Trainee: 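Attaching a single structure in structure tokens format; questions to follow.
Being a predicted model, the structure only gives us computed values, none of them experimental.
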Amino acid sequence: MLRLSEGHANVGLMANSVAPALARRIGLAAQGFGRPHPANPGTRQLNSLVDRLGILQIDSVNVFERSHYLPVFARLGAFDKSALDTLTFAVSGRYIEYWGHEATIMPQASWPLFRWRMQSYRDKSLTDPQSWATANGPFLRWLHAELAEKGPLPASAIEHDANKRVGPWWGWSDVKIGLETLFRWGEIVSAGRAGFERRYALPEQVLPPAVLNRDVPRGDAIRELVRRAAIASGIGTLDDLADYYRLPSADTRTAVSELEDAGELLPVTVPGWLRGAQPRQAWLHSAARRPRTMEASALLSPFDPIVWARSRALRMFDFHYRIEIYTPKPKRVHGYYVLPVLLNDHLSARLDLKNDRAAGILRVQAAWLEPGAPADAADRVAALLRQTAAWQRNETITVAGRGTLAKELAGALGVRPNEDE
């Protein structure tokens, strides 16, 4: 049993119960919040952060900024995006892409931990007589041979009559479908990006022998991924730990039990974390930091680990969040590309942001205040937006008149709310 007195640094953790506020601070600290931003984040800090998070989710939406840059900015402050590109998008470097959560950047050494997933994707495709892969076996073999001869290559560089988009602008050609199929199976891998277009290669063209030849049994791999999820989460339910790397629930449950037996995970409950009317079982990583306070100001990407599991964001922060990109404009509640704002250990505001790069303007298209936000929220959000604009090289910040925070935020920024935007 975990027993800590009120005078202990870990106040809030009594017996096997963790106070909700402490649970929030534990989760945020595990994700790298609560530390001073380095003056000049460089390679060491970037590598350390990606290793801590385990994955950076990739998304193509660029209305404000591409999603994989934002968790780094949230935790380290202004950094050189080209330095992260050099680390993550080199042809054969420290990082690689795979389906770790969704499409993600991860340490290259993590790739063998997903062989079971690659095999599962392959088996599912090839045992379905109606699947695209079953119908296009010769074409997949041709793609493999083309990369063997000429790789690494982006899809656009592969010459074939099938390399034509079908349908709307986002429709994939058969070449792209084939490459992504082989990528999911692990028969080809990412070899960095150029202009944000993924390059593809055979594993032996990119991976060192130590990674290429490492074979981790499914149970061992999932246990290691659960362990990493627990370290990155600090505290979480079974669903939280499974979701971090999108793991099967049954396998996650087995891994959690093994890690609990080993003393690495400690079973706890958090008042208010319920399933129906019953307390939900949660686990605390034994090495998790348990800070007394949390000082943080950050914009969070919709794909940041703090909020990517919407049920966890609701349970931990009482923050109901949905991304509304694909919602028709008249039905949107908060805006198009809405970023939660973290102030200390609360999600205190939401900002619908657009980076008007041609005009050099950071446009706040809507600003909303959340219940329980601190009294100085507008000033702190204004300061955060000034830092953001400087990082994005925007010369001007404008604020539209939409949202419960818009007028006060415009005042804090010294601008007039634009009712026409």
Trainee: Return the orientation label for the F79 and Y69 ring planes: parallel under 30°, perpendicular over 60°, tilted otherwise.
Mentor: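 Correct class here is tilted.
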Trainee: Taking the six-membered ring of Y321, is the NZ or CZ of R350 close enough (under 6.0 Å from the centre) and on axis enough (within 45°)?
Mentor: no
Trainee: Report the distance from atom CG of D59 to atom OG1 of T104, rounding to the nearest 0.5 Å.
Mentor: 12.5 Å
Trainee: State, with a plain yes or no, whether a side-chain heavy atom of W111 is found less than 4.5 Å away from one of M118.
Mentor: yes
Trainee: Are H68 and F89 close enough that their ring centres sit under 6.0 Å apart?
Mentor: yes
Trainee: Using a strict 4.0 Å threshold on nitrogen-to-oxygen distance, state whether R402 and D352 make a salt bridge.
Mentor: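 The answer is no: the pair does not qualify as a salt bridge.
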Trainee: Would you say the side chain of R380 lies within less than 4.5 Å of the side chain of L384, judging by non-hydrogen atoms?
Mentor: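 No, their side chains stay 4.5 Å or more apart.
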Trainee: Measure the shortest side-chain to side-chain distance between R94 and D51 over non-hydrogen atoms and say whether it is less than 4.5 angstrom.
Mentor: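 Yes, side chains in contact.
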Trainee: Could you report the tightest heavy-atom contact between P71 and L56, atom names first, then the distance?
Mentor: CB-CD2, 4.1 Å
Trainee: Could you please spell out the steps behind the side-chain contact (heavy atoms from CB on, under 4.5 Å) verdict for L84 and V72?
Mentor: CA-CA 9 Å; L84 185 65; V72 181; 4.1 Å; yes
Trainee: Would I306 and F319 count as a side-chain contact (heavy atoms from CB on, under 4.5 Å) here? Give the steps.
Mentor: CA-CA 11 Å; I306 295 297; F319 188 81; over 6 Å; no
Trainee: Could you go step by step and tell me if L385 and L351 meet the side-chain contact (heavy atoms from CB on, under 4.5 Å) rule?
Mentor: CA-CA 10 Å; L385 285 171; L351 302 178; 3.8 Å; yes
Trainee: Please say whether more than 12 non-hydrogen atoms of neighbouring residues, nucleotides or ligands are located less than 6.0 Å from CG in D318.
Mentor: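 Not more than 12 within 6.0 Å, no.
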Trainee: Could you tell me if R363 sits above the aromatic ring of F64, with its cationic atom closer than 6.0 Å to the ring centre and no more than 45 degrees from the axis?
Mentor: no
Trainee: Can you name the nearest heavy-atom pair linking A103 to R198, along with the distance?
Mentor: CB-NH2, 4.4 Å
Trainee: Taking atom NZ of K354 as the centre, does the number of heavy atoms from other residues, nucleotides or ligands within less than 6.0 Å exceed 12?
Mentor: no
Trainee: Is the backbone N or O of L314 less than 3.5 Å from a side-chain atom of H320, with the two atoms forming a donor-acceptor pair by type?
Mentor: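 Looks like no, no N/O pair under 3.5 Å.
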Trainee: Return yes if some donor-acceptor pair links the side-chain N/O of R199 with the main-chain N/O of A191 below 3.5 Å, else return no.
Mentor: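 Pair found, side chain donor or acceptor close to backbone of A191.
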Trainee: Mark yes or no for whether W308, through its side chain, and P302, through its backbone, hold a donor-acceptor pair below 3.5 Å.
Mentor: no
Trainee: Does the ring of W185 carry R122 above it, NZ/CZ under 6.0 angstrom from centre and within 45° of its axis?
Mentor: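 Ring-cation test returns yes.
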Trainee: Counting distance only, does the side-chain N/O of Q57 pair as donor-acceptor with the main-chain N or O of S67 below 3.5 Å?
Mentor: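 Absent.
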Trainee: Going by an N to O cut-off under 4.0 Å, is there a salt bridge joining R280 and D240?
Mentor: no
Trainee: Would you check if L182 and L140 make a side-chain contact, meaning some heavy-atom pair closer than 4.5 Å?
Mentor: yes
Trainee: Looking only at side-chain N and O atoms, does N136 offer a donor or acceptor that is under 3.5 Å from a partner on R141?
Mentor: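 There is no such pair between these side chains.
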Trainee: Using the ring of F196 (Phe, Tyr or Trp, six-membered ring only), decide whether R193 places NZ or CZ under 6.0 Å from its centre and within 45 degrees of its axis.
Mentor: yes
Trainee: Any side-chain heavy atom of V256 within less than 4.5 Å of one from W283?
Mentor: yes
Trainee: Answer yes if the side chains of E324 and Y337 hold a donor-acceptor pair under 3.5 Å, and no otherwise.
Mentor: no
Trainee: Among side-chain atoms of T269 and Q281, is any donor-acceptor pair under 3.5 angstrom?
Mentor: no
Trainee: Which heavy atom of P38 sits nearest to which heavy atom of L76, and what is that distance?
Mentor: CD-O, 3.7 Å
Trainee: Between R275 and D239, does any NZ, NE, NH1 or NH2 come within less than 4.0 Å of an OD or OE carboxylate oxygen?
Mentor: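 Looking at D239 and R275, the cut-off is met.
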Trainee: Between H346 and S348, is there a donor-acceptor pair closer than 3.5 Å when you use the side chain of the first and the backbone of the second?
Mentor: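 No; zero donor-acceptor contacts below 3.5 Å.
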Trainee: Are H144 and E187 linked by a side-chain donor-acceptor pair shorter than 3.5 Å?
Mentor: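 No, no side-chain donor-acceptor contact under 3.5 Å.
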Trainee: Tell me if a side-chain donor or acceptor on T134 pairs with a main-chain N or O of Q130 at a distance below 3.5 Å.
Mentor: no
Trainee: So, do L179 and I158 sit near enough that their side-chain heavy atoms are less than 4.5 Å apart?
Mentor: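 Yes; the side chains approach each other to less than 4.5 Å.
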Trainee: Do R246's NZ or CZ and the ring of W99 fall within the cation-pi criteria of under 6.0 Å and 45°?
Mentor: no
Trainee: For the pair Y98 (side chain) and R184 (backbone), establish whether a donor and an acceptor sit closer than 3.5 Å, ignoring hydrogens and angles.
Mentor: yes
Trainee: Consider side-chain contact (heavy atoms from CB on, under 4.5 Å). Of L53, N47, L46, which one does L49 pass it with?
Mentor: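 With L49 as partner, L53, N47, L46 yield a single side-chain contact (heavy atoms from CB on, under 4.5 Å), made by L53.
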Trainee: Please check this pair: side chain of T254 against backbone of A250, looking for a donor-acceptor N/O pair closer than 3.5 Å.
Mentor: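 Yes, because the side chain of T254 sits within donor-acceptor range (under 3.5 Å) of the backbone of A250.
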Trainee: Checking the side chain of Q108 only, and the main-chain atoms of L207 only, is there a donor and an acceptor separated by less than 3.5 Å?
Mentor: no
Trainee: Please check if the side chain of R310 supplies one atom and the backbone of R322 the other of a donor-acceptor pair under 3.5 Å.
Mentor: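 Flag not set: sc R310 to bb R322 has no pair under 3.5 Å.
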Trainee: Within this structure, what is the CG-CE distance for the pair D345 and M294, rounded to the nearest 0.5 Å?
Mentor: 7.5 Å
Trainee: Would you say T327 and R332 are linked by a side-chain donor-acceptor pair, where the criterion is simply a distance under 3.5 Å?
Mentor: no
Trainee: Please check if atom CD in E260 has more than 12 non-hydrogen atoms from other residues, nucleotides or ligands closer than 6.0 Å.
Mentor: yes
Trainee: Assess whether side-chain contact (heavy atoms from CB on, under 4.5 Å) is satisfied between L153 and Y200, documenting all intermediate values.
Mentor: CA-CA 5 Å; L153 292 172; Y200 300 89; over 6 Å; no
Trainee: Is there a side-chain contact between L143 and F139 in this structure, where contact means two heavy atoms from C-beta onward sitting under 4.5 Å apart?
Mentor: yes
Trainee: Do V307 and L300 touch side chain to side chain, with heavy atoms closer than 4.5 Å?
Mentor: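 Result yes, sub-4.5 Å side-chain heavy-atom pair found.
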Trainee: At their closest point, which heavy atom of D215 faces which heavy atom of P217, and how far apart are they?
Mentor: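 Result for this residue pair: O-CD, 3.8 Å.
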Trainee: Identify the two heavy atoms, one from A74 and one from H37, that lie closest to each other, and give their separation to 0.1 Å.
Mentor: O-NE2, 3.8 Å
Trainee: Cation over ring, R228 on Y245, under 6.0 Å and within 45°?
Mentor: no
Trainee: Pair R66, D85 - check salt bridge (Lys or Arg N to Asp or Glu O under 4.0 Å), show working.
Mentor: CA-CA 12 Å; R66 295 200 189 274; D85 290 344; over 6 Å; no
Trainee: Out of curiosity, I235 CD1 to I26 CD1, how far, rounded to the nearest 0.5 Å?
Mentor: 5.0 Å
Trainee: Tell me the closest heavy-atom pair linking V226 and A255, and the distance in Å.
Mentor: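 Where V226 meets A255 most closely, the heavy atoms are CG2-CB, 3.8 Å.
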Trainee: Is the number of heavy atoms from other residues, nucleotides or ligands within 6.0 Å of CZ (R253) greater than 12?
Mentor: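 12 or below, so no.
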